[in-house]
Colleague: 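Following this message is one structure expressed as structure tokens.
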Amino acid sequence: MDISINLPDGSSRSIPEGSSVFDLAKSISPGLAKAAVVGVVDGQQVDVSHTLQDGDEVRIVTKKDPEALEVLRHSAAHLMAAAILEEVPGAQLTIGPVTEDGFYYDIYLPEGVSMGEGDFGRIEKKMAQLAKKGQRFERCVAPSRQSDVFREYVAIDGGANKFKEEIIGDLEKLGAFSDAEDAPEVSFYKMGDFIDLCRGPHVPNAKWLKHTKLMKLAGAYWRANAANEQLLRVYGTAFFSKEDLAAHLHMLEEAKKRDHRVLGEQLDLFHFQEDAPGFPFLHPKGTSVYNNLMEFMRVQLHSRSYKEVRTPLILSESAWHTSGHYDNYLENMFFTKRKRRDKDDAQNIIDNADEDRPMAVKPMNCPGHLMIYKHRMHSHHELPLRIAEMGLVHRREASGVRHGMFRVQAFVQDDAHHFCTPEQIEGEIQLLIKFFFEVYGAFDLSDVRLELSTRPEKSIGSDEMWEKAESALKKALDAGGREYQVNEGDGAFYGPKIDFHIRDSLGRSWQCGTIQVDFSMPERFGLEYVGADGARHTPVMLHRACYGSIERFFGIVTEHFAGAFPLWLAPVQVKILPVSEKFNDYAGKVAAKFDDAGVRVEVDYSDERLGYKIRAATMQKVPYLVVVGQKEADGDIINVRWRDGDDIGETTVEAFVEGMPPYTVPALAASLREQTVEAAE
RNA sequence: GCCGUUGUAGCUCAGCUGGUAGAGCAGCUGAUUCGUAAUCAGCAGGUCAGCGGUUCAAGUCCGCUCAACGGCUCCA
């Protein structure tokens, strides 16, 4: 008896009853059979050993398909788990999923069992042995806890493993081991002596897993909850070929060179030191970039009728009680603490002197803006009122989370608050989403992810307020047709938010922009406006930041451009390189002309040869290198090359400056406006 | 905060099983006056993160603290 199988191209094929995906592949071509990783039957991934039924829709996945790599890595995680069980007696397996660039397996190490990166060599060797043996991955479904498969599994890992037991328990709650129609299967995969609970599917055998490498160790919590057991997360990666693995490792090396912490040192932008953990020291060049980022934002704010303000760094604790920060944000705040000298003994310092009026350093700018709003009466004619501040905030961060410029303890937010009527909320949010994307576009940042975060456990305000705020954000997102991910319970304590996430050179995602709706704080601070009806109403407040923090955005931009900043951001835009000391005077004159034109220029007066100066300036990623020697001095000209080596040739300073792309913030902003207008036409 | 790793000159890194520190680059001095990615020579630079312990002797072994790195959790 033959059965008929439907293939993706619309054709159908007859094969003998009882045939597997592998048999089907073989009947098409032996090459395909060899290349088959898994099959997809009626939209469901299955092993190639899966037995087909009459009428099945079947697609055969080979290593060319992107999903094949995930299967490979999932199998590699099992291979690693098998090796770890042998090499680290006592280790217990929990879960082992695939990640974007590899996989990990979370291992529980009971008291007395330890494992470090020093064990990688042994484990990898064992994995290589297992891969060479090439045993099959065999799927076994356990019909009950009493079945042979289940017993075999328990004997190896399940006996005292509460983690796997919890997973099986969850499956049972869904009906596993029952006779129900839709009961989930409890499947195990055997590879030689190793057996593990797993949904599958897997590559046909361990021979596929030769190009696997352990990457790093990390801590993780069971089910991502800090209250649960601490697990050891072992990361690895796997590829179909040696070349792909090598290319991946090379890519990681290259990404490290783009790391803003590395570039910060090389380009003399900033540094950190132990005396001030998480507080960056910005050097002159870093400050130049930083200020230009801020200036660029100021232009954007100005054209959208924001009013810039400055509010105090420190407010009384009572203000933070009013805002709710004291109750909800205490752990992240810096408080002032007074010290006094003993009246009778000046050497004796009283450390815990009582503060008459305890103060706290601001972790957010909102209370200050609320106070400015409240200072006088407002009419509905003024709304929406957009108050902006390049606000320096301080936030205590747990020691393990600081990370270069991406996660610091003091940073400037390009912060603003929109005070508006409830009717204006949606329009304001739509304006903001468009605004933010325009800014990211100006930096050529296209990989921006949106997330909508809803009410967290610790929060202020009524259910009704939260619902209104969340739906306002959703509506604005949907109106713009933007894709977004919902993070339940991740909102700020005063309101839900839309976050804009951007990736760093190593693919880690960082929150930059944010838009938050807040019905609570205006009420807590007693804000009002007089409506058209002559009555007083409470305005709604939107918190928003586009860069998020200048520090973080600086880091993102540094990595995005690998330190080769666009001309308008480059700390040094033109470097003058005299061919020898004889031309230092002429170099100085040329530099003065650039300087007059508002170009950031430096001269290399060192007693080095031209080749050395070119190399030094190139490594500093200075956009334009200007060579001056006898010929240039004689003709009152310059000789220009671009940082990537392209020769621009001989010209005069005046002609060159004239032809330069926008090199100041106002010029850049003007050219971007022109582009937007052109695009609209 | 948790898990793992690390901390040696301004920077990047050597320093084996304990016997009182080295290189390259950067810096300084001198020679050289040079044409598109490193001219030559010399000099100077370190309480080996900090504190405590073991030892005749600690950069090296042990403990604690701090910081950094990779993750987890948390956030801009």
Side-chain angles (χ1 to χ4, degrees), chain A residues 99 104 106-107 109 114-119 215-222 224-235 256 259 261-262 265-266 268 271-278 329 331-332 363-364 391 393 395-415 453 456 490 492 497 499-502 506 508 510-514 543 545-553 555-556 577-584 606-619 625-632 639-641 643-647:
Chain A
T99 63
Y104 64 80
D106 280 350
I107 313 273
L109 300 175
S114 72
M115 172 180 162
E117 276 173 23
D119 299 308
M215 301 299 288
K216 58 200 174 193
L217 281 184
Y221 301 106
W222 172 239
N225 185 340
N228 287 344
E229 286 82 356
Q230 174 81 45
L231 307 173
L232 186 67
R233 178 164 296 179
V234 191
Y235 282 90
K256 268 190 205 157
D259 189 316
R261 291 163 301 182
V262 173
E265 180 64 46
Q266 278 172 6
D268 197 16
H271 86 269
F272 288 88
Q273 65 186 59
E274 283 201 22
D275 302 292
Y329 210 69
E331 288 77 10
N332 291 294
M364 296 187 194
V393 296
R395 297 183 186 176
R396 280 187 186 279
E397 297 289 357
S399 64
V401 304
R402 297 190 293 250
H403 188 102
M405 293 292 249
F406 287 155
R407 191 80 179 264
V408 290
Q409 297 202 109
F411 55 98
V412 172
Q413 292 184 306
D414 61 322
D415 205 358
S453 299
D490 264 355
K497 55 180 188 169
D499 291 330
F500 296 71
H501 289 252
I502 305 179
L506 287 168
R508 292 175 293 215
W510 298 91
Q511 181 185 320
C512 292
T514 184
H543 307 242
C546 177
Y547 291 152
S549 94
I550 320 285
E551 282 73 4
R552 180 173 286 180
F553 202 75
I556 290 279
L577 314 176
V579 170
S580 85
E581 269 175 31
K582 283 198 292 195
F583 310 106
N584 280 359
S606 70
D607 179 16
E608 289 288 352
R609 297 182 179 183
L610 184 61
Y612 182 93
K613 294 180 181 182
I614 298 247
R615 181 166 193 270
T618 304
M619 291 199 309
L625 312 188
V626 168
V627 176
V628 291
Q630 192 65 58
K631 195 172 161 196
E632 288 75 18
N639 190 327
V640 189
R641 70 178 252 165
R643 64 183 154 203
D644 67 7
D646 279 1
D647 189 27

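The structure displayed is predicted, hence computed values, not measured ones. Reckoned from all heavy atoms, side chains included, excluding hydrogens, waters and symmetry mates.
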Colleague: Assess whether a salt bridge exists between A:Arg233 and A:Asp106, defined as any Lys/Arg side-chain N lying under 4.0 Å from an Asp/Glu carboxylate O.
Modeller: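 Counted as a salt bridge, because a side-chain N and a carboxylate O are separated by less than 4.0 Å.
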Colleague: With a 3.5 Å distance limit and no angle check, can you tell me whether A:Glu265 reaches the backbone of A:Val262 through a side-chain donor-acceptor pair?
Modeller: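 No, because the side chain of A:Glu265 does not come within donor-acceptor range (under 3.5 Å) of the backbone of A:Val262.
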Colleague: Figure out the CG/P separation between A:Asp499 and B:rC74, and round it to whole Å.
Modeller: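 For the pair A:Asp499 CG and B:rC74 P, the rounded distance is 14 Å.
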Colleague: Are the ring of A:Trp510 and the base ring of B:rA76 both nearer than 5.5 Å at their centres and tilted by less than 30°?
Modeller: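 No; by the centre-distance and plane-angle rule, A:Trp510 does not count as stacking on B:rA76.
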Colleague: Please report the interatomic distance CZ(A:Arg552) to CZ(A:Arg407), rounded to the nearest 0.5 Å.
Modeller: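 The CZ atom of A:Arg552 sits 6.5 Å away from the CZ atom of A:Arg407.
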Colleague: NA contact type, A:Glu274, heavy-atom cut-off 4.0 Å: base, sugar-phosphate, or nothing?
Modeller: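 Since a base atom lies under 4.0 Å of A:Glu274, the category is base.
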Colleague: I want to check one thing: is the phosphate of B:rC40, taken as OP1 and OP2, less than 4.0 Å away from some side-chain N or O of A:Arg609?
Modeller: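 False: A:Arg609 side-chain N/O out of range (4.0 Å or more) of B:rC40 OP1/OP2.
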Colleague: Is the distance from OP1 or OP2 of B:rC69 to the nearest side-chain N or O of A:Arg261 less than 4.0 Å?
Modeller: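 Answer yes for this pair, as a side-chain N or O of A:Arg261 is under 4.0 Å from OP1 or OP2.
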Colleague: Pick base, sugar-phosphate or nothing for A:Glu581, based on heavy-atom distances below 4.0 Å to the nucleic acid.
Modeller: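 It contacts base atoms.
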Colleague: What is the distance from CD of A:Gln266 to C1' of B:rA37, rounded to the nearest Å?
Modeller: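 Taking atom C1' of B:rA37 as the reference, CD of A:Gln266 is at 15 Å.
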Colleague: Rounded to whole angstroms, how far apart are CG on A:Asp268 and P on B:rU12?
Modeller: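 Going from CG in A:Asp268 over to P in B:rU12 covers 13 Å.
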Colleague: Quick one: does A:Ile550's side chain get under 4.5 Å of A:Phe411's, heavy atoms only?
Modeller: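 Sidechains of A:Phe411 and A:Ile550: no contact.
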Colleague: Side-chain N or O of A:Lys582 less than 4.0 angstrom from OP1 or OP2 on B:rC34?
Modeller: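 Checking B:rC34 against A:Lys582, a side-chain N or O does come within under 4.0 Å of OP1 or OP2.
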Colleague: Does A:Tyr235 make a side-chain N or O approach to OP1 or OP2 of B:rC3 shorter than 4.0 Å?
Modeller: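 Looking at the OP1 and OP2 atoms of B:rC3, neither is under 4.0 Å from any side-chain N or O of A:Tyr235.
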Colleague: Measuring only between side-chain heavy atoms, which start at C-beta, is A:Tyr547 closer than 4.5 Å to A:Ile556?
Modeller: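 Heavy-atom side-chain distance check fails, nothing below 4.5 Å.
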Colleague: Nearest whole Å is fine: how far is B:rC11 C1' from A:Met619 CE?
Modeller: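 Spelled out: CE on A:Met619 to C1' on B:rC11 is 12 Å.
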Colleague: May I ask you to verify if any side-chain N or O of A:Arg402 is less than 4.0 angstrom from the OP1 or OP2 atom of B:rA67?
Modeller: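 Checking B:rA67 against A:Arg402, a side-chain N or O does come within under 4.0 Å of OP1 or OP2.
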Colleague: Is the base of B:rG42 syn or anti, if syn means a glycosidic angle within 90° of 0?
Modeller: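 With its glycosidic angle more than 90° from zero, B:rG42 counts as anti.
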Colleague: Considering only side-chain heavy atoms of A:Asp490, which listed nucleotide, B:rA38, B:rG71, B:rC75, is closest?
Modeller: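 So the nucleotide nearest the side chain must be B:rC75.
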Colleague: With a non-hydrogen cut-off below 4.0 angstrom, is A:Lys256 in contact with a base, only sugar-phosphate, or nothing?
Modeller: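 It contacts nothing in the nucleic acid.
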